[in-house]
Amino acid sequence: MSIADEQKQEVIHHWSPLDGLQKLGHTFLNFFSGAGRLFLFAMQSIYHCFSPPFFGRLLIRQLLDIGYYSLPVVGMTTLFTGMVLALQSYTGFSRFSAEGAVATVVVLSVTRELAPVLAGLMVAGRIGASIAAEIGTMRVTEQIDALTTLSTNPFKYLVAPRILAGTLMLPALVLIGDVIGVFGGYLVGVYKLGFGPENYLHKTWEYLTATDVTSGLWKAAAFGFIVTLMGCYNGYHSQRGAQGVGAATTNAVVSASILILVVNYFLTQFFFAGK
Amino acid sequence: MSAAKAAAVTAKSAVPKLELKGVYKSFGANKVLRGVDISVQKGKSLVVIGGSGTGKSVMIKCVLGILYPDAGSITVDGQDTTHAKGAHRDELMRKFGMLFQGGALFDSLPVWENVAFGLIQGRKMDRKQAREIAIEKLNAVGLPARVGNLYPAELSGGMQKRVGLARAIASNPEIIFFDEPTTGLDPIMADVINDLIIETSKGLGATTLSITHDMASARKIADDIAMIYKGQIIWHGNAKDIDHSGNLYVEQFIKGSATGPIKMEL
Ligand SMILES: Nc1ncnc2c1ncn2[C@@H]1O[C@H](COP(=O)(O)OP(=O)(O)O)[C@@H](O)[C@H]1O
Ligand SMILES: [Mg+2]
């Protein structure tokens, strides 16, 4: 009945320029209400990370899952990035005889930008997706409701351990990634481009400052938070059915990846602008 | 009609264990509950019948605090719990047990930990003791101890329902909710579950609120039956009177007939 009525009204209703404006307004409102919901979710998650009871067992499992098992992916990514960087900057710099800068370029690019961003993106694909799928499935099969009826707060039990683990483990992964990335540059520099090993290492250390490394680690912490938050948020608000879980997984990865790139820009500005 | 009145008179004589008054709940434009009034006396079993998508699960979730009603009140033992949160909600949850429609077992945990979950996490019991109670509850629903070490995905539908039931009764709740306990089971397994529901809830002296569209199950486990239609309770009476309710909606529903006042909205 009511649906038929609505359809009839739509037929009678003629297009007016206001319609476009209305749609734009709707999109705008949806965007802000979505952002607001995400912000509240983030605040609630942070609160539950620091208020008891804590689930130590679950935290350890997540630390292993997010940290230890992401090592191969992050290691491979940074290794080849360091290698290609050495190769690429050599061919570029040799045009104005600045080959000597290769080691410096590799270490600065890896520690400041590439290790944190690429590790963040890889972990978004690996961990963000699996968190969203797992929590989303728990949502649609009423397991999250069941937690509530068993006097267990889903934020403490599901969200907090994941977000804590992501925020703590990504800097550790990136630190290891820094070393592996520099090592990749060293391999190419020494064995392919003919730098002397000591000379290459000396150049690596020469201009490196503590901020280059720590800024990358702070970025990593922010990205770990973003990836796990987006995974939890999208899973938690998953729509019904398998399709809902699929969409939640996609959204988690896409939104985390974009947020990482945007936040990375602002963090770089924060750490290095004017220096 | 007279039976419904009689029920209403007895309802006045004591504070109901659980009572919903004028409960409304909408999702956007979808008005699911439109003033639900219902009550259950201590130790009684009320079954709410109604078609798919009429808001039966939403009603129970409002009581459990998984959803919050837009209007109306929910009282437990005469205490208003409509918007209970935090410590008050935790305390309330300890009185409740719930069997979910799809079982909702935690598939990352073995069966015994599923059953013991409320004891370990909710009540901080130590794992060894909780495990013993879990095995005992598994036995009570006809499952041997070795099932405790399996994972939910390794169980048949009937076994999953039993585990869900064991989890619902694990902390000896005062009120147990059953959301379509027999849906998706063959008639014999359904009857086994019905018997278990009666046995376990009577054993605990618990009050139960069940929702179902399975009339055989409703007849078997109900003391009282109510029918929900378009978000309201349109009939409420003794289970014995269900066959001469004088209500056309109820008659159509128990006959399972396509013709009558209830139209399927597609
Ligand atoms: N969390 C929710 N968000 C939006 N709509 C919901 C939600 N839960 C239930 N509904 C809607 O409420 C109606 C009743 O659902 P439900 O209570 O599950 O029916 P049933 O009587 O079969 O248990 C359905 O139209 C359903 O789509
Ligand atoms: Mg239902």
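Per chain, numbering begins at 1; letters A, B, ... match sequence-line order. Side chains included, hydrogens not; waters and symmetry mates left out as well; all remaining heavy atoms used.
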Can you tell me how the ring of Y157(A) sits relative to the ring of F117(B), calling it parallel under 30°, perpendicular over 60° and tilted otherwise?
perpendicular
For K124(B), is the NZ atom crowded, meaning more than 12 foreign heavy atoms sit under 6.0 Å from it?
yes
Heavy-atom side-chain proximity of F106(B) to T141(A) below 4.5 angstrom:
no
Sort out for me which of T152(A), L147(A), D145(A) touches chain B most, counting heavy-atom pairs under 4.5 Å.
D145(A)
Heavy atoms from other residues, nucleotides or ligands near CZ of F28(A) exceed 12 (cutoff 6.0 Å):
no
When rounded to the nearest 0.5 angstrom, what is the spacing between CG in D90(B) and OG1 in T148(A)?
10.0 Å
Distance check, rounded to the nearest 0.5 Å: S151(A) atom OG versus Q121(B) atom CD?
10.5 Å
Would one find more than 12 heavy atoms of other residues, nucleotides or ligands at under 6.0 Å from atom OH of Y68(B)?
yes
Looking at every non-hydrogen atom in both residues, tell me the closest pair between A146(A) and A104(B) and how far apart they are.
CB-O, 3.9 Å
Neighbour count above 12 (heavy atom, 6.0 Å) for Q239(A) CD:
no
Could you grab the distance from atom CG of D107(B) to atom OG1 of T137(A), nearest 0.5 Å is fine?
8.0 Å
Take a 6.0 Å sphere around CD of E154(B) and say whether it holds more than 12 heavy atoms from other residues, nucleotides or ligands.
yes
Okay, L105(B) and chain A: the region with an atom under 4.5 Å from a heavy atom over there is backbone
Could you tell me which portion of Q101(B) (side chain, backbone, both or neither) has an atom closer than 4.5 angstrom to a non-hydrogen atom of chain A?
both
Pick one of side chain, backbone, both or neither for I144(A), based on which atoms fall under 4.5 Å of a heavy atom in chain B.
neither
Does a sphere of radius 6.0 Å around CZ in R126(A) hold more than 12 heavy atoms from other residues, nucleotides or ligands, not counting ones at 6.0 Å or beyond?
yes
Quick one: are L150(A) and R167(B) in side-chain contact, heavy atoms under 4.5 Å?
yes
Flag side-chain contact, heavy atom, 4.5 Å: F100(B) against T149(A):
yes
Counting heavy-atom pairs closer than 4.5 Å to chain A, which one of K61(B), R123(B), R127(B) comes out on top?
R127(B)
